[in-house]
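The structure appears below as structure tokens.
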Number of protein chains: 2
Amino acid sequence: MLNNAEISELLKKARLRPTRQRIFVASLLFGSEHIHVSAESLHHKIKQLGQKIALATVYNCLHHFHKAGLLKKVNAVNDVIMFDTNLSYHHHFLNVDTGELTDIDEATVSIAELPKLPDGFETESMELTIRVKPQS
Amino acid sequence: MLNNAEISELLKKARLRPTRQRIFVASLLFGSEHIHVSAESLHHKIKQLGQKIALATVYNCLHHFHKAGLLKKVNAVNDVIMFDTNLSYHHHFLNVDTGELTDIDEATVSIAELPKLPDGFETESMELTIRVKPQS
DNA sequence: AATTGATTTAGAATGATTTTAAAGTAATGT
DNA sequence: ACATTACTTTAAAATCATTCTAAATCAATT
Ligand SMILES: [Mn+2]
Ligand SMILES: [Mn+2]
Ligand SMILES: [Zn+2]
Ligand SMILES: [Zn+2]
């Protein structure tokens with residue numbers, strides 16, 4: 001629920017030119033509930049809303065937003081890269097049928113022990129994915 | 001370290017015809033340490049060993065072995081499907097630079113609490129991936 | 001308004017995987 | 001053994017997500 005001026009401001013702070021396309025994409029991503037999108041899913045949503053932005057631009061946009069720290073890249077699912085507006089450290093349910101991701105409330109998971117890393121390595125990120133499917 | 005007769009037996013038990021190609025592929029996968037392979041990496045290894053099996057056959061083989069419960073499919077990494085000869089429930093280090101997977105000893109991780117699943121869903125699998133990179 | 005460098009875009013290219021369809025082979029019955 | 005049958009292998013084409021190319025457009029700056 002941010003207005004265009006606010007979105008422009010947000011983009012400028014991230015050192016991204018507030019272009020027509022970026023403003024529209026950002027309006028779909030930020031300022032409301034956290035969501036998970038792929039380039040394709042976002043492109044579909046844009047078309048549904050009667051706008052026309054090239055698919056390549058959506059890819060560019062998502063990657064730029066990610067580099068700028070506005071989006072988190074989530075483990076690919078079914079060969080599709082998902083981006084997450086929830087930047088905090090958290091885990092996911094993954095619907096294996098649809099590929100849909102749902103955040104897991106971090107308070108409900110606790111990892112008690114962790115193994116030591118291989119020598120000379122450091123952790124980049126850590127994610128628990130619980131793959132779920134409709135009860136059979 | 002299985003001989004061809006043992007591998008044939010293993011394939012028959014899995015209701016897979018013990019063809020020349022499957023026997024060779026199985027000999028590379030089973031009977032020694034647990035490994036993680038992609039179709040490409042396995043195909044490379046086969047060529048290195050002076051054998052010639054079509055890449056499509058390697059794909060078919062891995063998928064058949066997976067359906068037969070001989071291999072576990074691990075989350076895709078960098079757009080590449082990895083298969084795991086370690087069938088037990090376990091977690092991985094993922095080298096984000098190379099895509100290489102390493103098993104985490106299950107005894108060194110413990111997940112203390114888990115969230116409740118969405119209604120009508122059941123867990124298919126659960127995996128912790130610790131992405132690691134060379135220390136900077 | 002002109003310049004400059006970034007951005008957008010359609011379309012081509014890429015790379016992993018899957019599909020097709022034809023040729024080859026394992027299993028089964030005779 | 002031989003024939004039959006069903007399954008498997010293979011090269012090549014197709015698919016699909018993503019990236020690249022190069023020309024057109026645009027935002028920011030002078
Ligand atoms: Mn793919
Ligand atoms: Mn790809
Ligand atoms: Zn999330
Ligand atoms: Zn493993």
Could you list the protein-to-nucleotides 28-30 of chain D atom pairs, N/O on both sides, closer than 3.5 Å?
none

Residues passing the side chain to side chain donor-acceptor pair (under 3.5 Å) test with A:Ser38, sequence neighbours excluded, are A:Ser41
Rounded to whole Å, the CZ-P distance (A:Arg20 to C:dT8) equals 9 Å
Atom CZ of B:Phe24 and atom C1' of D:dT8 are separated, to the nearest Å, by 18 Å
Applying salt bridge (Lys or Arg N to Asp or Glu O under 4.0 Å) to B:Glu9 and not counting sequence neighbours gives none
By ring pair (Phe, Tyr, Trp, His ring centres under 6.0 Å), A:His43 pairs with (sequence neighbours left out) none
Taken in chain and number order and not counting sequence neighbours, the residues that satisfy ring pair (Phe, Tyr, Trp, His ring centres under 6.0 Å) with A:Phe83 are A:His63
Excluding B:Tyr59, membership of its hydrophobic cluster (Ile, Leu, Val, Met, Phe, Trp, Tyr; side-chain heavy atoms within less than 4.5 Å) reads B:Leu55
Residue pairs meeting side-chain hydrogen bond (donor to acceptor under 3.5 Å, both in side chains), one or both in residues 127-136 of chain A, sequence neighbours left out, come to A:His92-A:Glu127, A:Arg131-B:Asn75, A:Arg131-B:Ser125, A:Ser136-B:Glu122
Indicate whether the side chain of A:Asp103 and that of A:His36 have a donor and an acceptor atom separated by less than 3.5 Å.
yes
For residues 25-35 of chain A, the side-chain hydrogen bond (donor to acceptor under 3.5 Å, both in side chains) pairs (sequence neighbours left out) are none
Whole-Å distance, A:Glu40 CD to D:dT19 P, equals 12 Å
Side-chain polar contacts of residues 64-74 of chain A - donor-acceptor pairs under 3.5 angstrom, sequence neighbours left out - could you list them?
{"from": "A:His64", "atom 1": "ND1", "to": "A:Asn60", "atom 2": "O", "distance (Å)": "3.1"}
{"from": "A:Lys72", "atom 1": "NZ", "to": "A:Ser88", "atom 2": "O", "distance (Å)": "3.2"}

Residues 44-55 of chain B vs side-chain hydrogen bond (donor to acceptor under 3.5 Å, both in side chains), sequence neighbours excluded, gives none
Here the residues of residues 43-51 of chain B within 4.0 Å heavy-atom distance, strictly under, of DNA chain D are none
Per the under-4.0 Å heavy-atom filter, residues of residues 58-68 of chain B near DNA chain C come out as B:Tyr59, B:His63
